[in-house]
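Order of appearance sets the numbers: ligands from 1, and atoms from 1 within every ligand. These numbers come from a predicted model, not from an experiment.
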Amino acid sequence: MTDIVIAGVSRSFGTVRAVDAVDLTVAEGEFFTLLGPSGCGKTTLLRMIAGFCELDSGEIRFGEHRIDRLSAHRRDIGMVFQNYAVFPNLTVEGNVAYGLKARRIPPDEAARQVDEALALVQLAGYGERKPHELSGGQLQRVAIARALVIRPQVLLFDEPLSNLDARLRVSMRAEIRALQKSLGITAIYVTHDQEEAMSVSDRIALMNAGRLEQVGPPAEIYRHPASRFAAEFMGTTNLVKATALGLAAPVWVSLRPEALRFAEEAPAGWQRIAATVTRIEMLGPITRIDSTLANGTPIRMALLDAPHQALAAGAAVSLAFDTARLTVLP
Ligand SMILES: Nc1ncnc2c1ncn2[C@@H]1O[C@H](COP(=O)(O)OP(=O)(O)O)[C@@H](O)[C@H]1O
Ligand SMILES: [Mg+2]
């Protein structure tokens with residue numbers, strides 16, 4: 001296979017520019033995530049790749065081969081939806097075989113392919129069951145098996161884990177990532193959850209109001225956000241004037257809470273600032289400590305484990321931060 005090329009793609013609904021001049025190339029075998037807040041155009045872009053939504057302008061290619069005018073079933077794409085879209089009256093087997101029906105695969109061969117797809121998602125032996133006999137996680141696996149059984153070149157996922165509870169989301173996302181890598185299939189994955197995106201993706205495209213805000217590997221977007229929007233969407237951050245941190249330049253910077261420590265526990269060379277504690281929140285593995293600087297600027301700090309000293313709101317403290325972790329924002 002080949003890269004997926006999205007070139008100048010736009011789509012409006014009435015006056016809403018749902019997807020606005022998007023250019024992207026997804027490499028073969030890549031786990032690529034469209035991340036952004038609700039309404040930013042993720043589903044619309046995914047549906048245009050799948051063939052469920054027409055483009056107003058631009059084109060989509062698999063390598064040299066233009067696909068945006070092909071009907072959905074001729075695009076060699078499997079899609080997994082948020083609500084599973086499993087047929088309640090069919091067995092697991094019937095659901096997975098559904099995608100093969102249109103392709104006129106002989107019954108013996110179809111049965112073999114269904115078994116193979118169920119084994120891939122750890123559901124071997126579940127073929128005779130009905131959807132109501134399965135858990136949410138198992139239903140989502142049926143949906144994945146149904147997408148995989150046609151042996152697509154590309155798998156699309158639209159918020160596939162949002163109906164599952166928090167613990168299951170964490171284990172299923174690792175499962176999806178492992179399956180995608182073992183099959184070597186190209187995946188485009190949609191989520192509004194920054195942590196989920198960071199955990200599974202080779203690269204992320206952060207979207208905002210129909211446009212691409214930033215594209216890159218998770219760590220790069222986290223460490224070097226290109227805009228205020230990117231800095232704030234990719235986890236908690238401090239957006240402050242450099243002058244408030246005791247630095248000369250009058251620019252806005254992003255400083256992640258984990259780049260701060262108490263001065264007495266910080267490495268030599270970190271910049272020190274005086275602050276007053278306003279709130280302490282012990283979350284188990286980390287403790288969040290909110291403070292304000294002398295000029296009133298709020299500063300959030302996150303420490304691994306609890307602080308060594310006893311601490312209460314109102315305490316005057318000396319903080320320090322790693323200047324190498326400052327990102328200057330445009
Ligand atoms: N079929 C549609 N008709 C009208 N407006 C739509 C339709 N689909 C999406 N939109 C609008 O397009 C924008 C992007 O929607 P969507 O792609 O679903 O965003 P996301 O998946 O990021 O939440 C939203 O403002 C949404 O209301
Ligand atoms: Mg959506």
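A side-chain donor-acceptor contact under 3.5 Å links T43 and D158. With hydrogens and angles left out, the side-chain atoms of T191 and D193 include no donor and acceptor closer than 3.5 Å. Checking Y222 against Q194 by side-chain atom types alone, no donor-acceptor pair falls below 3.5 Å.
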Would you mind listing each N/O atom of ligand 1 next to any protein N/O under 3.5 Å, plus the distance?
unit_1, atom_1, unit_2, atom_2, d
ligand 1, 17 (O), T44, N, 2.9
ligand 1, 17 (O), T44, OG1, 2.5
ligand 1, 19 (O), G41, N, 3.2
ligand 1, 21 (O), T43, N, 2.9
ligand 1, 21 (O), T43, OG1, 2.8
ligand 1, 22 (O), C40, N, 3.2
ligand 1, 22 (O), G41, N, 3.1
ligand 1, 22 (O), K42, N, 3.0
ligand 1, 22 (O), K42, NZ, 2.8
ligand 1, 23 (O), G39, N, 2.6

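Of the residues E195, E196, E159, the one that meets the salt bridge (Lys or Arg N to Asp or Glu O under 4.0 Å) test with R173 is E195.
Taking backbone and side-chain atoms together, T43 has an N/O/S atom less than 2.8 Å away from the Mg ion (ligand 2).
By the 30° and 60° cut-offs, the orientation of the rings of Y189 relative to F31 is tilted.
A distance-only check finds a donor-acceptor pair linking the side chain of T327 to the backbone of R223 [under 3.5 Å].
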